[in-house]
Each structure stands twice: as C-alpha cells, then as structure tokens.
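Each residue takes its place number in the sequence, starting with 1. Computed over heavy atoms, backbone and side chain alike; hydrogens, waters and symmetry mates excluded. Order of appearance sets the numbers: ligands from 1, and atoms from 1 within every ligand.
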Amino acid sequence: MPARILDGTKIAHDIRSEVAAEVKAMAAAGVRPGLAVVLVGHNPASEIYVRGKVKACEEVGLYSEQHTPPETATTAELLTLVEDLNRRDEIDGILVQLPLPPQVDSKRVLMAVDPAKDVDGFHPVNVGFLSTQRPGLVPCTPAGVIEILKRSGIPIAGQEAVVVGRSDIVGKPAAMLLINANATVTVCHSKTHDLPGVCRRADILVAAIGRAGMITRDFVKPGATVIDVGMNKVTEPAEFQRLFARGLADNAKREETFHAKGWTLVGDVHPQVAEVAGALTPVPGGVGPLTIAMLMYNTVKAAKLRRFSG
Ligand code: NDP
C-alpha cells in the first residue's frame, strides 16, 4: 500500500487560522504583535522568502515591517539596526534573513538579537531553553516537523527516531524536540557508518541533508514515517530521470513543469520511498509551508511571553 501523504499545506493553513484567532483576541486587549524582517542586499531567493513572510503576517493580522540595508552594509550598521529594533516595544519578533553578505559577521549580528524577540530561535539562550525544556522560542522548521507528526496522529513517545543532518537550524533542534517528546533519538551526519542500516531502525525518519533523493527505499523500514525537510532544485535531466523515471502518479505533471521551467523542487527523500513508508511528507507541500506558519506562531508566542508573563 502506498504511503499516507502528510499534507503540510493543510496543517500550515490550520496553524495560521489558529494564530489569526489569537491575534484577534490580542487586538481586543489592545496588543498587535509585530515582526521586523531585515533583508540585506538583493539575494533573489531571500527576497522571495521575505515576501512570503510579510504576506503571511498580513494574512494573520500581525504588524510587519521590512528593513532593507544595502549589500554594502557593515556589521556595525546592522548591529545598530538590531539594537534599535530590540528597544522598540511594538516589535515582538526580529528576523534577520540569511545569508548576510560576506563582509558581515553574521554570528555577531544574530547574537545581538534580543533572545525574547528571536523568532528564528537561533540565539544560544533559546537553544539552552530548548535543551532544558523551558519556555522559549523554537526554530521554525524543526517545530513544524513536530507539528506535522502530532497533528497527523503519529505517536512519538517511545518510538525510534533517526534524524539525518546535524545543522544548528534543522537537525540538532529537530533531534532535541524529538527527545523532549520522549522518542529514542539517533542523529546521523556525513561521517556516520552504515547510514542505510541506522536509518532502517527508525519508526520516524527525518531527512535534513540537502541532497536530492538521497534517502532511497533501502534506508526505510516498511511502515515508517518519513519527514522530508530537504529542498533541492533539480535542473539536470539525468537527475530528474533517476528520481522520477518510475514512481508516483504525479510524475507526468512534474515532467511537464520540469520541461517548462527547467527545474523542479525535490526533497532529500527519493519518491520511490512512498512504496515502503507508512507515511511521508511530500516536497513541495510538506515541511516547507510549516516554516512560515511557525514563524507566525513564534511571533505571537514572543509577544505573549514578553508582554503578558513575568
Ligand atoms: P546543512 O548543509 O547545514 O546540513 C546538512 C547536514 O546533512 C549536515 O549535518 C551534514 O553532515 C549532513 N550530510 C550531508 N551529506 C550527508 C551524507 N552524504 N550523509 C549523511 N549526512 C550528510 O543543511 P540544513 O540543515 O540547513 O538544511 C538541510 C536541508 O533542509 C536542505 O535541503 C535545506 O534546503 C532544507 N531546509 C528546508 C527548510 C524548509 O523550510 N523546508 C528550512 C531549512 C532547510 P555534516 O555535519 O557531517 O557535514
């Protein structure tokens, strides 16, 4: 039986509706949570992401503003901007869109964001809160992974979870969230021996690698839940053939789009995994939509923690 497809678009829509209801309730108390997005220079991919984030803010009723320093911005100039946003009471969340230009000390800029406004959850203070299970801001994409599992009724407690990838923004926080949800967690990376064998232990397999279709069906225990965080642009016809020569029913549509646009978005999980997995997130339409939904959620959470508690 083919895998159950976990619909990230629908789950993200549900979360955004819940956030919009909270924003409405907060408006009754005279509070409108606000997000400031800092976009340095003209990276086309970053511009698309930021546009999506600002549009989502409007849809759920959040206040948002964009700051667009030039490509030549210095570390000192960005620190001044961040400090100004830290001081402003109507700003609850600050998001510095990565990557920053090479002359900028990115770590210093990210460290300057007030942890209470760090809606990306990257600040070491929030990393510490997550690992010690204190209230704080959790990175959006890994938080989205957990939402998909929970809202799809997939049990986590007591399950064997394997996370492939150990980045600070996806793999490590995803592993930490799974530990906090009582899974038994293994984290894999490029030096892991017998990766397919380790992955086959998983009841829940999370792929956050950045390699199109690397997780093939021999990595997956029959019936396992597979969460595909990867977002890879495939442009080579041979690579397209490797992934889509035989597999899901939507291949014809994919092929049409690939030929029309010259590329297609593919996860880290090979489409044929759908033949062995019990449940699977698609790409696109799986984890991706959750990332922006959780950013909206985090902005409201930051507003509540900062304005209404303690
Ligand atoms: P990074 O490049 O920071 O990390 C990749 C991880 O994968 C590293 O830990 C690396 O190991 C590991 N890895 C690489 N090659 C192999 C291999 N052959 N075998 C085993 N492990 C390997 O990537 P990110 O964590 O930032 O992103 C991962 C993917 O998720 C990307 O495709 C990215 O586009 C996507 N993404 C999607 C988001 C969304 O909204 N859906 C948001 C963020 C990311 P090592 O540490 O040893 O180098």
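Near T291, the atoms of ligand 1 lying under 4.0 angstrom from a non-hydrogen atom of the residue are 39 (C), 40 (O). Residue G288 has at least one heavy-atom neighbour below 4.0 Å for each of these atoms of ligand 1: 41 (N). In summary, the atoms of ligand 1 found under 4.0 Å from a heavy atom of L195, numbered by their order in the structure, are 19 (N), 20 (C). Proximity to V229 (heavy-atom distance under 4.0 Å) selects the following atoms of ligand 1: 30 (O), 35 (C), 36 (N), 37 (C), 41 (N). Within ligand 1, counting atoms from 1 as listed, the ones closer than 4.0 Å to a heavy atom of I169 are 26 (O). If you number the atoms of ligand 1 from 1 as listed, the ones under 4.0 Å from a heavy atom of N232 come out as 32 (O). The distance from ligand 1 to the heavy atoms of G165 drops below 4.0 Å at these ligand atoms: 6 (C), 7 (O), 9 (O).
A distance-only check finds no donor-acceptor pair linking the side chain of S152 to the backbone of L149 [under 3.5 Å]. A distance-only check finds a donor-acceptor pair linking the side chain of K117 to the backbone of I91 [under 3.5 Å].
Ring-plane geometry between F240 and F258 is classed as parallel, the angle between the planes falling under 30 degrees on a 0 to 90 degree scale with a further cut at 60.
Checked by distance only, ligand 1 and S167 come closer than 3.5 Å through their nitrogen or oxygen atoms. The shortest N or O to N or O distance between V287 and ligand 1 is not below 3.5 Å.
Nearest to atom 42 (C) of ligand 1 among the protein's heavy atoms is T141 OG1, 3.3 Å. Regarding atom 29 (C) of ligand 1, its nearest protein heavy-atom neighbour is G210 N, 3.7 Å. In terms of protein heavy-atom proximity, atom 9 (O) of ligand 1 is closest to R166 N, 2.8 Å. In terms of protein heavy atoms, atom 18 (N) of ligand 1 is closest to M214 SD, 3.6 Å. Nearest non-hydrogen protein atom to atom 15 (N) of ligand 1 is R211 NE, 3.0 Å.
For F219, the CZ atom sits in a packed shell: over 12 heavy atoms of surrounding residues, nucleotides or ligands are nearer than 6.0 Å. In the displayed structure, R307 atom CZ is contacted under 6.0 Å by more than 12 heavy atoms of other residues, nucleotides or ligands.
T264 and R254 share a side-chain donor-acceptor pair at under 3.5 Å. For the residue pair E71 / H42, no side-chain donor-acceptor distance below 3.5 Å is found, with atom types taken as modelled.
Atom 34 (O) of ligand 1 has its nearest heavy-atom neighbour, among H189, K191, M231, K172, in M231. Of the options C199, P284, S190, P289, the smallest heavy-atom separation from atom 45 (P) of ligand 1 is shown by S190. Of the candidates V145, V170, L265, I209, I209 brings a heavy atom nearest to atom 23 (O) of ligand 1. Taking all heavy atoms of A208, A212, G286 into account, the minimum distance to atom 28 (C) of ligand 1 is reached by A208.
Salt-bridge formation is detected for the pair R151/E18: a Lys NZ or Arg NE/NH1/NH2 atom is positioned less than 4.0 Å from an Asp or Glu carboxylate oxygen. By the 4.0 Å N-to-carboxylate-O rule, K150 lies too far from E147 to be salt-bridged with it. Taking 4.0 Å as the cut-off between side-chain N and carboxylate O, R87 and E83 do not count as a salt-bridged pair.
Using a 4.5 Å cut-off on side-chain heavy atoms (C-beta onward), R16 and D14 make no contact.
Residue contacts with ligand 1 for T192 are absent, since no atom lies close enough (heavy atoms, distance under 4.0 Å).
Cluster annotation: V37 and Y297 are assigned to the same hydrophobic cluster (Ile/Leu/Val/Met/Phe/Trp/Tyr, side-chain heavy-atom contacts under 4.5 Å, transitive).
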